[in-house]
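Presented below is the structure to which this report refers.
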Protein chains: 2
Amino acid sequence: MDKNTWNALEARTKIIKALAHPVRLFIVEELNKGELCVCELQKFIGYDMSTVSKHLTILKNAGIVMDRKEGTSSYYQLRVPCILNFFNCVEEVLESNLKLNNEIIMTCRNK
Amino acid sequence: MDKNTWNALEARTKIIKALAHPVRLFIVEELNKGELCVCELQKFIGYDMSTVSKHLTILKNAGIVMDRKEGTSSYYQLRVPCILNFFNCVEEVLESNLKLNNEIIMTCRNK
DNA sequence: CTTTTATTTGGCAATATGACCAAATAACCA
DNA sequence: TGGTTATTTGGTCATATTGCCAAATAAAAG
């Protein structure tokens with residue numbers, strides 16, 4: 001595999017990795033409903049404020065969210081709206097997994 | 001956050017995590033062109049055969065690929081075709097990131 | 001039956017990730 | 001100014017990930 005191919009893969013991986021955590025997935029879904037500050041997200045999530053802040057930094061560095069300061073607060077919002085299509089596909093995989101499990105169960109029953 | 005919400009997040013995270021690695025991303029893209037055996041993928045990737053095999057197991061456990069034995073070989077193929085839409089979104093984020101960088105560069109020049 | 005080929009599994013070491021706490025920063029208020 | 005609030009940053013520790021090697025497995029070939 002050549003260097004360019006690898007670099008392209010790594011660039012895309014960075015974005016996918018940013019979404020590959022339950023807390024960050026939750027944040028993206030909440031932000032899809034509208035802008036929120038760190039303390040609001042922290043209340044929903046229940047983890048330490050610093051942990052939530054670090055998760056937001058990861059999403060920001062990946063280019064998925066952007067922030068806006070107002071007073072002492074930082075408000076975060078989605079920067080790229082297509083993220084939801086992304087999730088549609090994940091749902092499709094989940095449904096497909098369920099279907100397969102059902103088939104396996106049915107096959108076992110018929111034996 | 002309640003237990004159900006968390007479980008749903010974790011289920012989706014498992015799928016996203018499976019895609020969050022350059023080698024696995026490469027595998028998915030190659031398999032999109034058609035079925036391949038482990039040794040063919042190994043030649044492209046250059047890593048140890050056991051490493052490639054483990055990456056394939058991760059994709060399989062996430063429900064993204066499926067395998068088929070033929071002789072001594074295992075052939076892998078995509079189980080869910082929508083994976084490419086998924087990548088379209090990642091590309092959109094990348095393009096958006098590039099656009100932002102250009103804006104920053106332009107702003108700096110004008111100062 | 002032994003050897004070869006393709007793959008998977010187990011184990012280990014290096015590195016990355018993710019949680020918390022404590023401290024630093026920054027804006028606002030009294 | 002000094003204190004409060006919101007956020008970020010640095011440090012540390014536990015755990016997860018990822019690579020390789022060696023060994024186990026399994027089918028095919030000689």
Side-chain angles (χ1 to χ4, degrees), chain A residues 1 3 5-7 9-28 30-31 34-62 64-77, chain B residues 1 3 5-7 9-28 30-31 34-62 64-77:
Chain A
M1 178 161 355
K3 193 72 189 165
T5 308
W6 186 257
N7 286 344
L9 287 169
E10 283 205 316
R12 277 178 290 165
T13 297
K14 190 190 168 189
I15 294 165
I16 300 173
K17 273 169 98 110
L19 294 164
H21 188 284
V23 166
R24 295 196 291 270
L25 213 49
F26 178 81
I27 289 172
V28 170
E30 285 305 308
L31 293 187
E35 192 183 56
L36 287 171
C37 69
V38 185
C39 63
E40 287 166 320
L41 284 165
Q42 192 273 323
K43 273 176 215 146
F44 291 144
I45 295 164
Y47 283 180
D48 194 273
M49 175 88 85
S50 67
T51 303
V52 175
S53 176
K54 279 175 182 171
H55 281 303
L56 283 163
T57 301
I58 291 168
L59 287 169
K60 187 179 158 186
N61 287 338
I64 295 164
V65 304
M66 54 196 269
D67 62 338
R68 173 178 76 76
K69 316 276 176 193
E70 189 180 308
T72 59
S73 296
S74 287
Y75 288 88
Y76 282 85
Q77 59 182 268
Chain B
M1 177 158 1
K3 193 73 190 165
T5 309
W6 186 256
N7 286 344
L9 287 168
E10 282 204 316
R12 276 178 290 163
T13 298
K14 189 189 167 191
I15 295 164
I16 300 174
K17 273 170 97 112
L19 295 164
H21 188 285
V23 166
R24 295 196 292 268
L25 213 50
F26 178 81
I27 289 172
V28 170
E30 285 304 309
L31 293 187
E35 194 184 55
L36 287 171
C37 70
V38 186
C39 63
E40 286 166 320
L41 285 166
Q42 192 273 327
K43 272 177 217 147
F44 290 143
I45 297 164
Y47 283 179
D48 194 275
M49 175 88 86
S50 68
T51 303
V52 175
S53 177
K54 279 177 184 172
H55 281 302
L56 283 163
T57 302
I58 291 168
L59 288 169
K60 187 180 160 187
N61 287 338
I64 295 165
V65 304
M66 54 196 268
D67 62 339
R68 175 179 74 77
K69 316 275 175 192
E70 190 179 307
T72 59
S73 296
S74 287
Y75 287 89
Y76 283 85
Q77 59 183 275

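Chain naming here is simple, since letters A, B, ... match the order of the sequence lines and numbering starts at 1 in each.
Each of B:Ile58 and B:Ser50 was matched to the nucleotide of DNA chain D holding its nearest heavy atom; the match closer to the 5' end belongs to B:Ile58. Closest-nucleotide positions on DNA chain C for A:Met49 and B:Ser73 were compared, and the one nearer the 5' end corresponds to B:Ser73. Between B:Asp67 and A:His55, it is B:Asp67 whose nearest contact on DNA chain C lies nearer the 5' terminus.
You'll find that the side chain of B:Cys37 is closest to C:dT7, out of C:dC20, D:dA27, C:dT7. Proximity note for A:Arg24 (side chain, C-beta onward) versus C:dG18, D:dT7, C:dC20: the nearest is C:dG18. Which of D:dT7, C:dC28, C:dT17 sits closest to the side chain of A:Lys17 comes down to C:dT17.
Residue contacts shown for B:Lys60 are absent, as no nucleic acid heavy atom lies under 4.0 Å away. Residue contacts for A:Tyr76: at a heavy-atom cut-off of 4.0 Å it reaches the sugar-phosphate backbone alone, with no base atom in range. Residue A:Lys54 is in base contact, counting any heavy-atom pair closer than 4.0 Å across all strands shown.
The separation between A:Lys69 atom NZ and C:dA27 atom C1' is 12 Å, rounded to whole Å. Atoms CD1 (A:Ile45) and C1' (C:dC20) sit 15 Å apart, rounded to a whole Å. C:dA14 atom P lies 18 Å from atom CG of B:Asp48, rounded to whole Å. Taking atom NZ of B:Lys43 as the reference point, atom P of C:dT5 lies 12 Å away to the nearest angstrom. Protein atom CE of A:Met1 is 11 Å distant from nucleotide atom P of D:dG19, rounded to whole Å. One atom, OH of B:Tyr75, and another, P of C:dT7, lie 8 Å apart when rounded to the nearest Å. Counting to the nearest Å, the P atom of C:dT8 and the CG atom of B:Leu59 are 12 Å from each other. Regarding A:Asn61, its CG atom lies at a distance of 12 Å from the P atom of C:dT17, rounded to whole Å.
In this structure a side-chain-to-backbone donor-acceptor pair under 3.5 Å is present from B:Gln42 to B:Tyr47. Remark: the backbone N or O of B:Asn61 is paired with a side-chain donor or acceptor of B:Lys14 at under 3.5 angstrom. Without hydrogens or angle criteria, A:Glu40 side chain to A:Cys37 main chain gives a donor-acceptor distance under 3.5 Å. Counting only distance, with no hydrogens or angles, the side chain of B:Thr13 and the backbone of B:Leu9 share a donor-acceptor pair below 3.5 Å.
Of the side-chain N and O atoms in A:His21, one or more sit less than 4.0 angstrom from OP1 or OP2 of C:dA19. At the phosphate of D:dT9, neither OP1 nor OP2 sits under 4.0 Å from any side-chain N or O atom of A:Ser53. Between A:Thr51 and C:dC20 there is a side-chain N or O to OP1 or OP2 distance below 4.0 Å.
None of A:Val65, A:Leu19, A:Ile64, A:Ile58 except one satisfies the side-chain contact (heavy atoms from CB on, under 4.5 Å) rule with A:Arg24; the exception is A:Ile58.
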